[in-house]
There are 2 protein chains.
Amino acid sequence: MPPAKPSLELLRSLTDEHVLQALICEQRLTRAEIAARTGISKPTVGESVRRLTEAGLLRDTGERTTGRGRIGSYYALAPDLGVALVVGIAPEGVVAEAMDVRGQLVAREHEEVGRPARPEQVAQALRAVAERVLADTGRARLAVVSAADPVDRASGRLVHLPDAPFLVGELSPVEVLASLLAGPVTVDNDVNWAARAERAASGPESLDDFVYLYLGEGLGCAVVADGEVRRGSGGLAGEIAHVLTRGPGGHAVAFTDVFADLRLRQHHSTALDVDRLLSAVDTDGDRADETLAALAEAVCGVISALVAVTDPQLVVVGGAWGTHPAVLQAVSDRAAELPRSVPLRPAQITTQPALSGARAEALRDLRAAISTRRQQPT
Amino acid sequence: MPPAKPSLELLRSLTDEHVLQALICEQRLTRAEIAARTGISKPTVGESVRRLTEAGLLRDTGERTTGRGRIGSYYALAPDLGVALVVGIAPEGVVAEAMDVRGQLVAREHEEVGRPARPEQVAQALRAVAERVLADTGRARLAVVSAADPVDRASGRLVHLPDAPFLVGELSPVEVLASLLAGPVTVDNDVNWAARAERAASGPESLDDFVYLYLGEGLGCAVVADGEVRRGSGGLAGEIAHVLTRGPGGHAVAFTDVFADLRLRQHHSTALDVDRLLSAVDTDGDRADETLAALAEAVCGVISALVAVTDPQLVVVGGAWGTHPAVLQAVSDRAAELPRSVPLRPAQITTQPALSGARAEALRDLRAAISTRRQQPT
DNA sequence: AACTCTAGTCAGGAGTGTTGCCCAAACTGC
DNA sequence: GCAGTTTGGGCAACACTCCTGACTAGAGTT
């Protein structure tokens, strides 16, 4: 992209952006503080604050400085800048939250759905919670959706893959939510959101290339390369059910088929029976050891493929049975023998990892939407 | 990254950038033409041209417009803006080229190296060709290196992986070339460069997510996600020798071991014996069919892993035996039966694909280095 | 010879950011 | 209680960039 054409207007909007950015970071500031933070001169900041206040983006909070010196006025972002909608869709139910530009939740609703979930049911629940959450605030400026199924990148629809369990079902969050929104909808897989949350939680240390392996009722994985989740052309990157691995007898079988062989699937479904798996592993005896060894072998086959293709600095393991201590230990031990070994660790974020990643994205997008709005409409 | 601090100087440098950019695209332009192209007003362009000419970045070519109207002066980039060094390192030998900001080769040298290549030999040859190429131009402003071995991302060193053939050997192009350069060195694997060239050749149609599978003496692959080659944390993404696939008897074996089983490796090496492979495939008879089927099965196991992990829109196949018609056909046929099938096609660029990708990068970097140089030193 | 066309320049003006100075108001110390 | 200090804010002057519109120069065209 060529840099923007130089013009005075560009300069001015850049100044406004800096001022808004400062107030996004700091909540409330006087004009002098903004000037000190941004390095922009006081008169310029004063002018920018005047413009932004007139435009309704900033507000004099009424608070005044105390202490030495002349009293100053604190300015802050206007409280009515709109909210972002954060949505989590899982087979158990639907959650919706409204978040303001400060990152504070202004509303939260959830609704459970009986299993197996029918798509119309989920859609209806989704619509309902979103409406309730936005009842007080009006249309949301954007929405970020986490869904427990593969998501088509272009359309945002939940899609079904062969031999993968369809947990939620055919559903288009974009269409369901369209009328409640005044902006874009971002839909992605829950594992991808969890990976983003994990990256954010890793702090300033750069966790730019890693893999988040999700081992639960479904089998999934998120690939983070150069600091971003990579979704592939259709959004289906990381759908590892069909990766060949080493199954019973040393045969090459698809990852998902290992669980059929081990009789760890739910009836009439390709979804894993997690309870059965965990109890099989927890029972003492040779049988449990065999199962553990088979699982570790299969998982490590997948890990070796992930390592070969993406060269991660770390493999994060999440999901109900992947983080089970015995499983994790068995997998780690086996992984250490791989030709290219990679550190393994359980996910750090365990409570609502996907939703927390989606929240962070929603906040970033909402702030960007506010601070980069060039061209104020008269 | 927060946007640059607004200032008058920023505006001016933006104008200069636009002017330089226009002359990078168009070779020679009059001030009026620059104004028309960039949308900047004539007086401003005139001022910018004056500045840049004084700084030595632009030059009045002496050419004048003909036709109706007042004669105008053509300006062009100064001819002494420096060159980029493009280097290709392969087991057969070393190539070096010097390229100017117009993308024209001003010098080219190559030197063959006997096989097996010893690292010191290669380093010496590299140094020699680079010196010869830069003899007339002085230090290069940057270098782009393509190497036929895995490259460590942080250091740019060629590295050895277990069970992968070390074609060139322990070598640090950065150190070898350091004294000939006045800028950064970019080192990457030849397959990655070939993939970039392939992407560039695909034209305006967006080929943003694909996989370049290289099947030659070595086995490699490049992963392009969201328009960029993804190298992984250490630069070893795509080193697929150890991906599990289906070998003889349906057993799960590492990709590279399939060739040991098929006796298609060179003696005392993990490198493939390409000649033997091709003749085995070309001989008519059941034996050839068996070999073909085994190869197709093994390759498709790897492809299914690549597809699962990266979800490419396309798999490009390159390399000496991968593009052999019989092999390609067998692989395509087998790949169509995969649970998630993906189009396959041979590489479009067949002559020096890696070098051509490296050239494009060198040109882009060189132009960026010139056009974004803020702050002209007095 | 007059007209047309075009590259380049000049003059004036609008808009932006900066420096430096001053003022107002609150606290601090005597 | 009073002077000194400290701090946010405002004002004026200046420097700089870009733009518009008019103008000039010089060659081809009629």
Side-chain angles (χ1 to χ4, degrees), chain A residues 3-20 22-23 26 28-55 58 60-76 374-376 378, chain B residues 3-19 22-23 26 28-54 58-76 374-376:
Chain A
K5 187 177 146 195
S7 75
L8 287 312
E9 186 195 322
L10 190 157
L11 255 195
R12 193 186 41 197
S13 71
L14 231 47
T15 302
D16 290 354
E17 255 178 71
H18 275 81
V19 171
L20 285 168
L23 278 168
E26 199 54 43
R28 88 206 220 287
L29 292 168
T30 66
R31 278 170 271 202
E33 285 167 346
I34 294 172
R37 268 184 88 90
T38 59
I40 299 171
S41 68
K42 286 192 293 172
T44 304
V45 168
E47 191 60 20
S48 175
V49 166
R50 192 194 51 72
R51 270 197 304 268
L52 293 168
T53 306
E54 278 177 11
L58 255 48
D60 184 340
T61 60
E63 301 165 298
R64 299 291 178 260
T65 52
T66 60
R68 306 176 74 105
R70 173 174 172 180
I71 47 168
S73 310
Y74 281 112
Y75 285 81
R374 307 272 154 85
Q375 293 284 54
Q376 204 58 232
T378 48
Chain B
K5 187 179 147 196
S7 74
L8 288 311
E9 185 194 324
L10 191 159
L11 258 193
R12 193 187 40 194
S13 71
L14 232 47
T15 302
D16 289 354
E17 254 178 73
H18 274 80
V19 171
L23 278 168
E26 199 52 43
R28 89 206 219 289
L29 293 168
T30 66
R31 277 170 271 203
E33 286 167 347
I34 295 171
R37 269 184 88 90
T38 58
I40 300 172
S41 70
K42 286 193 291 172
T44 304
V45 168
E47 192 59 23
S48 175
V49 166
R50 193 193 52 71
R51 271 196 305 267
L52 292 168
T53 307
E54 279 177 10
L58 255 47
R59 180 158 304 185
D60 184 340
T61 60
E63 300 165 300
R64 299 288 178 263
T65 52
T66 60
R68 304 175 74 102
R70 172 175 173 180
I71 49 170
S73 310
Y74 281 112
Y75 284 81
R374 307 273 154 85
Q375 293 285 53
Q376 205 58 234

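What you are looking at is a predicted structure, and each value in this text was computed from that prediction instead of being measured. Sequence lines set the chain letters: A, B, ... in the order given, protein chains first and strands last, and positions in each chain run from 1.
- At the heavy-atom level, A/T30 lies under 4.0 Å from the strands shown only through sugar-phosphate atoms.
- The separation between A/E17 atom CD and C/dG17 atom P is 13 Å, rounded to whole Å.
- No engagement by A/G46 is indicated, since no non-hydrogen atom pair under 4.0 Å with the nucleic acid exists.
- When each of B/Y74 and B/G69 is assigned the nucleotide of DNA chain C with its nearest heavy atom, B/G69 is the one assigned upstream, toward the 5' end.
- The separation between B/R50 atom CZ and C/dC10 atom C1' is 15 Å, rounded to whole Å.
- The structure places CG of A/L23 at 9.5 Å from CD of A/E33, a figure rounded to the nearest 0.5 Å.
- Regarding A/R70, its CZ atom lies at a distance of 10 Å from the P atom of D/dC11, rounded to whole Å.
- Per the geometry, CZ belonging to B/R51 stands 11 Å off C1' belonging to D/dC16, to the nearest Å.
- The shortest distance between the side-chain N/O atoms of A/T65 and the OP1/OP2 oxygens of D/dG8 is not below 4.0 Å.
- Residue contacts for B/T15: at a heavy-atom cut-off of 4.0 Å it reaches the sugar-phosphate backbone alone, with no base atom in range.
- Along DNA chain D, the nucleotide nearest B/I40 and the nucleotide nearest A/R31 are compared for position; the residue whose nucleotide lies closer to the 5' end is A/R31.
- A/S48 places no side-chain N or O within 3.5 Å of a backbone atom of A/T44 that could act as its donor or acceptor partner.
- Heavy-atom distances to DNA chain C give each of A/L11 and A/I71 a nearest nucleotide, and the one nearer the 5′ end belongs to A/L11.
- Contact between the side-chain N/O atoms of B/S7 and the OP1/OP2 oxygens of C/dG17 is not found at any separation under 4.0 Å.
- For C/dT16, one of the phosphate oxygens OP1 or OP2 lies less than 4.0 angstrom from a side-chain nitrogen or oxygen of A/R12.
- Between B/L14 atom CG and C/dT16 atom P the separation is 17 Å, expressed in whole Å.
- Using modelled atom types, no side-chain atom of A/T61 and backbone atom of A/A76 make a donor-acceptor pair closer than 3.5 Å.
- In this structure, A/E47 places its CD atom 15 Å from P of D/dG9, rounding to the nearest Å.
- A/I34 places its CD1 atom 16 Å from the C1' atom of C/dG17, with the value rounded to the nearest Å.
- Take the nearest nucleotide of DNA chain D for A/L8 and for A/K42: the residue whose nucleotide is more 5' is A/K42.
- In summary, of the residues considered (B/D16, B/I40, B/L10), a side chain to side chain contact (heavy atoms under 4.5 Å, CB included) with A/P6 occurs for B/I40 alone.
- The distance from atom CZ of A/R68 to atom P of D/dT6 is 6 Å, rounded to the nearest whole Å.
- With rounding to the nearest 0.5 Å, the separation of OG1 in A/T38 from CG in A/L29 is 9.5 Å.
- Of the candidate nucleotides C/dT28, D/dG28, D/dA12, D/dA12 has the atom nearest to the side chain of A/P43.
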